[in-house]
There are 2 protein chains.
Amino acid sequence: MSTAKPSSMQSQAYEFIKRKITMCEYAPNELLSEAVLQSELGFSRTPVREAIGRLEQEGLLKVFPKRGIVVSGFTISDISMIFEVRRLVEPYTLRNYGNRLDMDKIAEFSKIFHEHVNAEEYTGFYELDDQFHSTLVSVLPNEYLCDLYSRIQTQIIRLRVMSGQMIESRLQRTMAEHADIADACLEHNWERASRAMVQHLQFSEESSLATLLKGYQNASII
Amino acid sequence: MSTAKPSSMQSQAYEFIKRKITMCEYAPNELLSEAVLQSELGFSRTPVREAIGRLEQEGLLKVFPKRGIVVSGFTISDISMIFEVRRLVEPYTLRNYGNRLDMDKIAEFSKIFHEHVNAEEYTGFYELDDQFHSTLVSVLPNEYLCDLYSRIQTQIIRLRVMSGQMIESRLQRTMAEHADIADACLEHNWERASRAMVQHLQFSEESSLATLLKGYQNASII
DNA sequence: TGTATATCACTTGTATACAAGTTGTTCTGT
DNA sequence: ACAGAACAACTTGTATACAAGTGATATACA
C-alpha cells in the first residue's frame, strides 16, 4: 500500500508528521506552525510545506493563512461519520470480495479469537484488531475505496489513542464478535459474515463514543 | 462545497489545472511539466508546485521524479472502480437520507425527465445528468463520503468528455430511468428509488464502457 | 560501421530571501 | 485609568537560486 519512495525529504516529513498526529503526539486541536515542524525535522521549509499541504488535504491539519496550523480535532459527528464509512465498506467487502480472502490467515485469526474469548487481558489487542480489519479490507480491488479506508484507518487509530485504555468487557465481546466474523468467512458464508460485521461495528461505535465521552467529559469534543 | 479562498495563487493554479484536466484540455496520459503549467499561469514555481501536489494526491496527475508529470490515464478497470463507488454510495444515500431531499427540486427534475422520455435530443443533457445525481448525493451528511464522491464526479466528467457525444438511445433510456428514480423519491419509496438507482448505474456503466471502447478502439485504455 | 563515453538540455528536489497579513504589546496623549 | 495608534514579533504566501537526477544526442574511438 505504501509507496516506495521514502527517500525524498517531503515524504519523510509527511510520514513523520502524520505519525505524530496519528499517535496524538500532536494532539487534536494543538497549535502548530511551519517553524515548529521544520525545527523538529531539520529540513527547510519547502519539503515541510508540501507535507503540510498533503496532510491538510487529508483533513489531518487545518491551515489558517498567516495565522498558523492546527491539528484537526474530533467531534462526535466525526465518530459517526467514521463508523458510517466502516459500516458501508467493510460488510460490502466481505459480501462481494470475501472469496479473495486468504483462508489460512483467517483461520489463524479465528484461532486467536477463540482462545481469548474469556481472557481478562490481551497485550497488543488493538494491533490485532487493526490487523484483522485491515486483512479483510485488503482484498478490496478498488483504489478509491482503499484510499478512503486508509483515511478512516488513521482516524480510527487516533480515536483509540485519544480514548486511552479500553474496558475489559469490550475485550471479550470484541473477541467473540471477531471470532463470529472469522468463522463465517471460513464457512464462505459471506452473508452471515457481513451481518456479523455490521453488528460488530455498531457495538464498536457505541463503545468508542462512550469511552471518548467518559474520558473527555464533554470537553471540546462537541 | 468549494472553499471560498480563491484569492491565493495556489488555489487559482489548482482550479485552473484541475479544470483543464477535467475538460480533457490536458488529455489523459498527456505529458506535462512544471514549466508548462507555470508559463500558462504566469505564476512562479511555488504555488504551481503545491497545486500539482494536491492534484497528484487526488490521482489526477502522476509525478515522476526528475522526469516529468503526466495526466492520469483511464483504464477499463478505472471505469469499473468508479461505478462500483457510485453503486455503493448513491443507492445508500437514497435509502438512508432520501427524506432530506428537497422534494420541490425533485419534482422539477421529474417533470423535465417525463417531458423528454421520447426526445431525440436535449441540449445540456449531461449537465442535467450531473445536476440530478449531485442533488441526490448532496444530502449525504458525511464528509468522507462527500470527498470521495467529488473525486468520482471529476472522473465521471472526464470520462464523458473523453468519450464524446452520446448515442440517442441512451438519452431516452436515461431520461426514463431518471424519471423512475425521481418518482420513487416523490413517493418516499426509498427502497424502490435505491433499486432503480442500482439498475440505472448498471446500465450507465455498460454504456460508458461501450462508448469508450468504440471511440478509442482499444487504444491505451487497457 | 558499431560502441562506449562525454556532454548537454531538461526535469524535479531543496534551500532561502523577501513580501505581506495578523495579533498582541507598548507607548502616547488625554 | 483609559483609548487609540504605532510598532514588533510572529505567521504563511510567493519568488528565485541552486542542487541533482535523467535521458537523448553528439562525439571519440576501435
Side-chain angles (χ1 to χ4, degrees), chain A residues 2-21 25-73 220, chain B residues 2-21 25-73 220:
Chain A
S2 57
T3 55
K5 48 171 179 176
S7 45
S8 77
M9 306 175 95
Q10 177 191 149
S11 301
Q12 288 179 53
Y14 171 80
E15 298 294 344
F16 177 87
I17 301 170
K18 179 169 180 175
R19 190 180 173 288
K20 285 233 174 185
I21 295 174
E25 295 178 42
Y26 295 146
N29 300 307
E30 180 172 343
L31 180 63
L32 298 175
S33 74
E34 289 183 7
V36 170
L37 301 172
Q38 285 161 44
S39 62
E40 285 220 44
L41 280 152
F43 299 160
S44 77
R45 286 189 66 190
T46 310
V48 175
R49 265 185 72 84
E50 298 189 334
I52 291 169
R54 287 175 62 184
L55 292 164
E56 181 185 21
Q57 201 169 355
E58 284 184 36
L60 293 175
L61 291 177
K62 281 194 169 64
V63 176
F64 294 89
K66 318 272 185 172
R67 308 251 330 254
I69 301 169
V70 299
V71 181
S72 296
S220 80
Chain B
S2 57
T3 56
K5 48 171 179 174
S7 45
S8 78
M9 306 177 94
Q10 177 190 151
S11 300
Q12 288 179 52
Y14 171 79
E15 299 294 345
F16 177 87
I17 301 170
K18 180 168 181 177
R19 191 179 174 287
K20 286 234 173 185
I21 296 174
E25 296 177 44
Y26 295 145
N29 300 308
E30 181 172 341
L31 181 63
L32 298 176
S33 75
E34 289 183 6
V36 170
L37 301 172
Q38 285 161 46
S39 62
E40 285 219 45
L41 279 152
F43 300 160
S44 78
R45 286 188 66 189
T46 311
V48 175
R49 265 184 73 84
E50 297 189 334
I52 291 170
R54 288 174 62 185
L55 291 163
E56 181 185 22
Q57 200 168 356
E58 285 184 36
L60 294 175
L61 291 177
K62 281 195 169 66
V63 176
F64 294 90
K66 318 271 186 174
R67 307 249 336 253
I69 301 168
V70 298
V71 180
S72 295
S220 79

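By convention in this document, chain letters (A, B, ...) are assigned in the order of the sequence lines, proteins followed by strands, and residues within each chain are numbered from 1.
The shortest distance between the side-chain N/O atoms of B/Thr46 and the OP1/OP2 oxygens of D/dT14 is not below 4.0 Å. Taking 4.0 angstrom as the limit, B/Arg67 places a side-chain polar atom (N or O) nearer than this to OP1 or OP2 of D/dG23. Remark: A/Arg49 is in phosphate contact with D/dG13, judged by side-chain N or O atoms under 4.0 Å from OP1 or OP2.
Summarising the geometry, the separation between CG on A/Leu32 and P on D/dT11 is reported as 11 Å, rounded to the nearest angstrom. Counting to the nearest Å, the C1' atom of D/dT14 and the CD atom of B/Gln38 are 12 Å from each other. Between A/Tyr14 atom OH and C/dG13 atom C1' the separation is 19 Å, expressed in whole Å. Across the protein-nucleic acid pair, A/Glu34 atom CD and D/dT14 atom P stand 12 Å apart, rounded to whole Å. Look at CD on A/Gln10: it is 21 Å from P on D/dA19, rounded to the nearest Å. Remark: P of D/dG13 and CE of B/Met9 are 13 Å apart, rounded to the nearest angstrom. Between A/Phe64 atom CZ and D/dC10 atom C1' there is a gap of 17 Å when expressed in whole angstrom units. The CG-P distance, from B/Leu31 to C/dT12, rounds to 9 Å in whole Å.
At a threshold of 4.5 Å between non-hydrogen side-chain atoms, the residues B/Val71 and B/Leu60 do not count as touching. Between B/Lys18 and B/Arg54, the closest side-chain pair of non-hydrogen atoms is not below 4.5 Å. Residues B/Arg19 and B/Glu25 have side chains in contact (heavy-atom distance under 4.5 Å, counting atoms from C-beta outward). Using a 4.5 Å heavy-atom threshold, the side chains of A/Glu34 and A/Ile52 count as touching. Residues A/Leu31 and A/Ile69 fail the side-chain proximity criterion, which asks for heavy atoms closer than 4.5 Å. Here the side chains of A/Tyr14 and A/Gln10 are not in contact, with every heavy-atom distance at 4.5 Å or above.
Listed candidates were C/dT14, D/dA20, D/dT11. Nearest to the side chain of B/Lys66 is D/dA20. Residue A/Val63 has its side chain nearest to D/dT12 when only C/dA15, D/dT12, C/dG13 are considered. In the set D/dA15, C/dT14, D/dG13, C/dT14 carries the atom at the smallest distance from any side-chain atom of A/Pro47.
Sequence order on DNA chain D of the closest nucleotides to A/Val36 and B/Arg45 puts A/Val36 first from the 5' end.
Within the 4.0 angstrom heavy-atom criterion, only backbone atoms of the sugar-phosphate kind lie near A/Ser33; the bases stay farther away.
A donor-acceptor distance shorter than 3.5 angstrom exists from the side chain of A/Gln12 to the backbone of A/Ser7, with no hydrogens or angles considered.
The end-to-end axis angle of the helix from C/dT1-D/dA30 to C/dT30-D/dA1, rounded to 10 degrees and based on five pairs per end, is 30°.
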